[in-house]
Amino acid sequence: MTTLTVQQQQPAIHRSVALLGTGPMGAPIARNILAAGVPLALWNRTPDKARAIAGGSVAASPAGTARDIVLTVLPDLPQVEALLKGDDGLLAGWQRAGTEQPILVIHGTVSPVAVAAFGEECLRNWGVTVVDAPLSGGTIGAEEGRLSIMAGGPRDAFERCAPLFGLYGAKVAWFGETGAGSTVKACNQIVVAATVTALAEAMALADASGLDLADVQSVLAGGLANSEVLAQKGQRFIDQDFDGGGSAKNQLKDLNFIAEAAANSGLKLPLAGCLHSVFEEMIAAGDGDLDHTGIYRTIRN
């Protein structure tokens, strides 16, 4: 695949922008956009979360956010689809505003297969271009403006969005048509889920052997076992604190998307299949709302 990074993009940042979904990822993204002086319309199902972002213009409904570029930072594709229809939906808002060729950006982690079909439907039926641009880097990356953004969609639409993405992404790359970005995110999530689980197994073995976890992590960080997962989440194993963060339920959702994409490509991914089974076990035990590092508890039990 051909990649195109934001550093290659020179156009001015588009200034007709909205963001829907001001949760743990959406809120810091919104603050970074506003800090750059870009006007931003906001909507969240819980309005107080949107109002807490200083400088934004909070809309009462998705229709009120119908700007040229609409960023969505929501858990899955059904939540994005629910924003479109009805008098309060984006489609009605774009129609009333006379917006031509709006761009709908999906920053959530969604099925590559489903988002490609959704993009075709949106363009065919309503003239809406869908750019799937999932994120990697977690809430810390969002707060510090150093996310990795992997995009799919028509190249001209990506080029309109790329300078905006650069306000909260350190690495922005285009991989092809709608669905390509989510395929790259699926690749990313195989590595993340595997690394989280491998680190949990290592910590479980170290703990069961009576070793100091901080000392073990210090050695791991000095060699090939080092990773961003270890840097960001290693302390969770030491503190046995698995509240908050990226949930095991979302990790399993991602693994379901990986299985779907693999099947669509005629592939069998044995490691991803094993990870799927382990996270199913974690969720069945009632730990689905914990951070995915909580897989440690499943392994220790």
Side-chain angles (χ1 to χ4, degrees), residues 4-6 8-23 25-44 50 53 55-59 61-74 77 79-84 89-108 110 115 118-119 121-123 125-135 142 145 147-169 172-175 177-182:
L4 181 67
T5 63
V6 73
Q8 296 171 292
Q9 304 303 311
Q10 299 303 322
I13 296 169
H14 205 84
R15 299 181 68 83
S16 178
V17 184
L19 184 145
L20 289 77
T22 55
M25 292 292 287
I29 288 172
R31 287 192 289 269
N32 278 315
I33 293 171
L34 288 163
V38 177
L40 187 64
L42 297 169
W43 178 86
N44 193 73
I53 299 171
S57 173
V58 179
S61 69
T65 67
R67 303 299 193 265
D68 292 352
I69 298 175
V70 174
L71 311 172
T72 62
V73 193
L74 297 166
L77 196 54
Q79 287 81 22
V80 178
E81 293 173 324
L83 302 173
L84 293 179
L90 282 168
L91 293 173
W94 280 319
Q95 184 177 34
R96 288 194 288 266
T99 305
E100 296 182 359
Q101 298 180 325
I103 297 174
L104 179 63
V105 176
I106 299 175
H107 275 322
V110 302
V115 77
F118 177 66
E121 177 189 14
C122 286
L123 189 60
N125 293 341
W126 307 299
V128 176
T129 298
V130 173
V131 172
D132 66 313
L135 312 167
L147 291 168
S148 289
I149 304 174
M150 49 219 83
R155 183 162 174 163
D156 60 340
F158 167 75
E159 289 176 349
R160 287 175 64 192
C161 296
L164 179 66
F165 292 166
L167 299 179
Y168 47 96
V172 181
W174 175 78
F175 287 89
E177 295 304 310
T178 305
S182 296

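Summarising the geometry, atom CD belonging to E121 is positioned 11.0 Å from atom CG belonging to L123; distances are rounded to the nearest 0.5 Å. Remark: I103 CD1 to H14 NE2 distance equals 7.5 Å, nearest 0.5 Å. For the atom pair CD1 of I106 and CD of E81, the computed distance is 8.0 Å after rounding to the nearest 0.5 Å. To the nearest 0.5 Å, atoms CD1 (I149) and CD1 (I29) are separated by 7.0 Å. In this structure, the separation between CG on L104 and CG on D132 is 10.5 Å, given to the nearest 0.5 Å. From L20, atom CG reaches atom CH2 of W43 across 6.5 Å, with rounding to the nearest 0.5 Å.
Every pair tested for side-chain hydrogen bond (donor to acceptor under 3.5 Å, both in side chains) that includes a residue from residues 95-106 fails, sequence neighbours excluded, so the list is empty.
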Show, in sequence, the C-alpha distance, side-chain angles and deciding distance for V131 and R160, and conclude whether the side chain to side chain contact (heavy atoms under 4.5 Å, CB included) test is met.
CA-CA 11 Å; V131 172; R160 287 175 64 192; over 6 Å; no

Verify side chain to side chain contact (heavy atoms under 4.5 Å, CB included) between L164 and L71, making sure each step is shown before the conclusion.
CA-CA 10 Å; L164 179 66; L71 311 172; 4.1 Å; yes

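Across all their heavy atoms, P102 and G127 have their closest contact at CD-O, 3.8 Å. Among all heavy-atom pairs drawn from G108 and P134, the shortest one is O-CB, 3.9 Å. Residue L90 comes nearest to P62 through the heavy atom pair CD2-O, 3.3 Å, listed as atom of the first residue, atom of the second, then distance.
In terms of modelled atom types and a separation under 3.5 Å, the side chain of N44 and the main chain of T22 share a donor-acceptor contact. Side chain of S16 to backbone of D68: a donor-acceptor contact under 3.5 angstrom is found.
No side-chain heavy atom of V80 sits less than 4.5 Å from a side-chain heavy atom of V115. Side-chain contact check for C161 versus I69: some heavy-atom pair is nearer than 4.5 Å. Counting heavy atoms from C-beta outward, I13 and I33 have side chains that stay 4.5 Å or more apart.
Taking A30 as the reference, L19, L40, L42, I53 meet the side-chain contact (heavy atoms from CB on, under 4.5 Å) condition, with sequence neighbours excluded. The ring-ring contact (aromatic ring centres under 6.0 Å, His included) test applied to F118 returns no partner, not counting sequence neighbours. Listed by chain and residue number, nothing satisfies the side-chain contact (heavy atoms from CB on, under 4.5 Å) test with S57 (two or more places apart in sequence, or in another chain). Looking at residues two or more places apart in sequence or on another chain, you find no side-chain hydrogen bond (donor to acceptor under 3.5 Å, both in side chains) involving N32. P154 is linked by a side-chain contact (heavy atoms from CB on, under 4.5 Å) to T129, D156, A157, E177, T178, counting only residues two or more places apart in sequence or in another chain. With sequence neighbours left out, the side-chain contact (heavy atoms from CB on, under 4.5 Å) criterion links A41 to A18, T65, R67.
In this structure, F158 and F165 have tilted ring planes: the angle between them lies in the 30° to 60° band.
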